[in-house]
Number of protein chains: 2
Amino acid sequence: MARHLSDDELAAYFALRGAGDRLQRVVAQQLRAHDLTEVQFAILAQLGSGTDGIGMSELARGLVVTKSGLTYQAGQLESRGLVARRPSTDDDRGVLLHLTPDGRALLARVLPAHITLVRELFIDRIDPADLAIVRDALAQVARD
Amino acid sequence: MARHLSDDELAAYFALRGAGDRLQRVVAQQLRAHDLTEVQFAILAQLGSGTDGIGMSELARGLVVTKSGLTYQAGQLESRGLVARRPSTDDDRGVLLHLTPDGRALLARVLPAHITLVRELFIDRIDPADLAIVRDALAQVARD
DNA sequence: TCGCACTCGTTCGAATTGGAACGATACCAG
DNA sequence: CTGGTATCGTTCCAATTCGAACGAGTGCGA
């Protein structure tokens, strides 16, 4: 087993962390203008894109949050009327999270700016021919 | 300005977030076995690689932490004897953080496993020919 | 049917985080 | 020198985070 990382490998590793961190920072800052946390935005986005109503555990797995963290944030969003909890019909333990109309409206207001930001910071900085390579490579890393 | 992201672009974005998040999760889990936080490990690693003694603000800029967060973690590490604070000679406001022998020893114990993990999860999953492309692309994203 | 292991979402407490102060020092233009 | 402004690291507080434990419900094999 290799005992160290070459300069190139190290640089790639740092670039990955750097890119992720930077994106995270800038996005968080932008969302703060809408009184949204990254996690909260991620929840809304998940609920917005996809079938209506997602279980808490499934949601927590998709995002980078523990179940308890999600419970907390779901409570925050619920108290702001952006999200609603509804008991699951096919599993008495389950709770499904839904977007309220207000939540959907807020998401619609925030999403365009978010997309623009992703474009500026990420997509537009990469040669289109390389984007597919980057996508596939990173997808391999994300894969279990 | 484009109003949306194409499927490919979206996939690339998700891949980036997914890769970063996954790496972060797994690394955090590994470090927990050594009673270290990601942030704490990052501090030790920074102090270990480079000139001895780094100022708090400079350190905070390099890592993804606010100054106050760094003050807290420096305190934690200091109370465990892994790190030492020393006043800067050329700036009376400054404090330089140093690795203690214990800190250096712990770093030496943890680093190999960390490197192995980075290899397994990141480097080895990417075609060597693509690694340079990924590195350069992500470096552009990280760039200010 | 019973038991047993697993998953559900929540609660609790402790740890960590960021942001806005703050006192102290450095730096710079005038 | 003198003022104003920026930076240093710290402190404080509120918000958020995680992990462990929990009661409740599910599902499966014996």
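Letters go in sequence order (proteins before strands), and every chain restarts at 1. Keep in mind that what you see is a predicted model, and the values were worked out from it rather than measured.
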request  = Check whether the side chain of B/S68 and the base of C/dG19 form a donor-acceptor pair under 3.5 Å.
outcome  = yes
request  = Find the distance A/K67:NZ to D/dA21:P and express it as a whole number of Å.
outcome  = 13 Å
ask   = Below 4.0 angstrom from OP1 or OP2 of D/dT17, is there any side-chain N or O of A/Q73?
value = yes
request  = Give the rounded distance in Å between these two atoms: OH of B/Y72 and P of D/dT17.
outcome  = 16 Å
request  = Would you mind reading off the distance between B/L63 atom CG and C/dG18 atom P, rounded to a whole angstrom?
outcome  = 11 Å
ask   = Starting at CD1 of A/I54 and ending at P of C/dG9, how long is that distance when rounded to a whole Å?
value = 12 Å
inquiry  = On the nucleotide D/dG9, are OP1 or OP2 found under 4.0 Å from the side-chain N or O atoms that B/S57 carries?
reply    = yes
query = Contact class for B/R25 (heavy atom, under 4.0 Å): base, sugar-phosphate, or nothing?
reply = nothing
ask   = Which of the following nucleotides, D/dT26, C/dA26, D/dG9, is nearest to the side chain of B/M56?
value = D/dG9
task = Rounded to the nearest angstrom, tell me the gap between atom CG in A/L77 and atom C1' in D/dT16.
result = 13 Å
Pairwise side-chain contact, B/L36 with B/R80, heavy-atom cut-off 4.5 Å (strictly under) = yes
request  = Check the distance between D/dG19's C1' and A/L70's CG and give it to me in whole angstrom.
outcome  = 16 Å
task = Using only side-chain N and O atoms of A/Q76, determine if any of them is under 4.0 Å from OP1 or OP2 of D/dT16.
result = yes
query = NA contact type, B/S88, heavy-atom cut-off 4.0 Å: base, sugar-phosphate, or nothing?
reply = nothing
ask   = Is the closest side-chain donor-acceptor distance between B/R143 and B/Q140 under 3.5 Å?
value = yes
inquiry  = Does C/dC8 have its OP1 or OP2 closer than 4.0 Å to a side-chain nitrogen or oxygen of A/R61?
reply    = yes
key: hbond_proxy A/R93 side chain to C/dT7 base (donor-acceptor, 3.5 Å cutoff)   = yes
task = Give one of base, sugar-phosphate or nothing for B/T71, where a contact means two heavy atoms less than 4.0 Å apart.
result = base
query = Rounding to a whole Å, what distance do you find between B/R32:CZ and C/dT16:C1'?
reply = 14 Å
task = Write down the atom of B/L47, the atom of B/L97, and the distance for their closest heavy-atom approach.
result = CD2-O, 3.4 Å
Nucleotide C/dT7, atom C1' - distance to CG of A/D92 in whole Å = 14 Å
query = Is the backbone of A/V141 close enough, under 3.5 Å, to the side chain of B/R22 for a donor and an acceptor to pair up by distance?
reply = yes
Rounded distance (nearest 0.5 Å) linking atom OG1 of B/T116 with atom CD1 of B/I123 = 12.0 Å
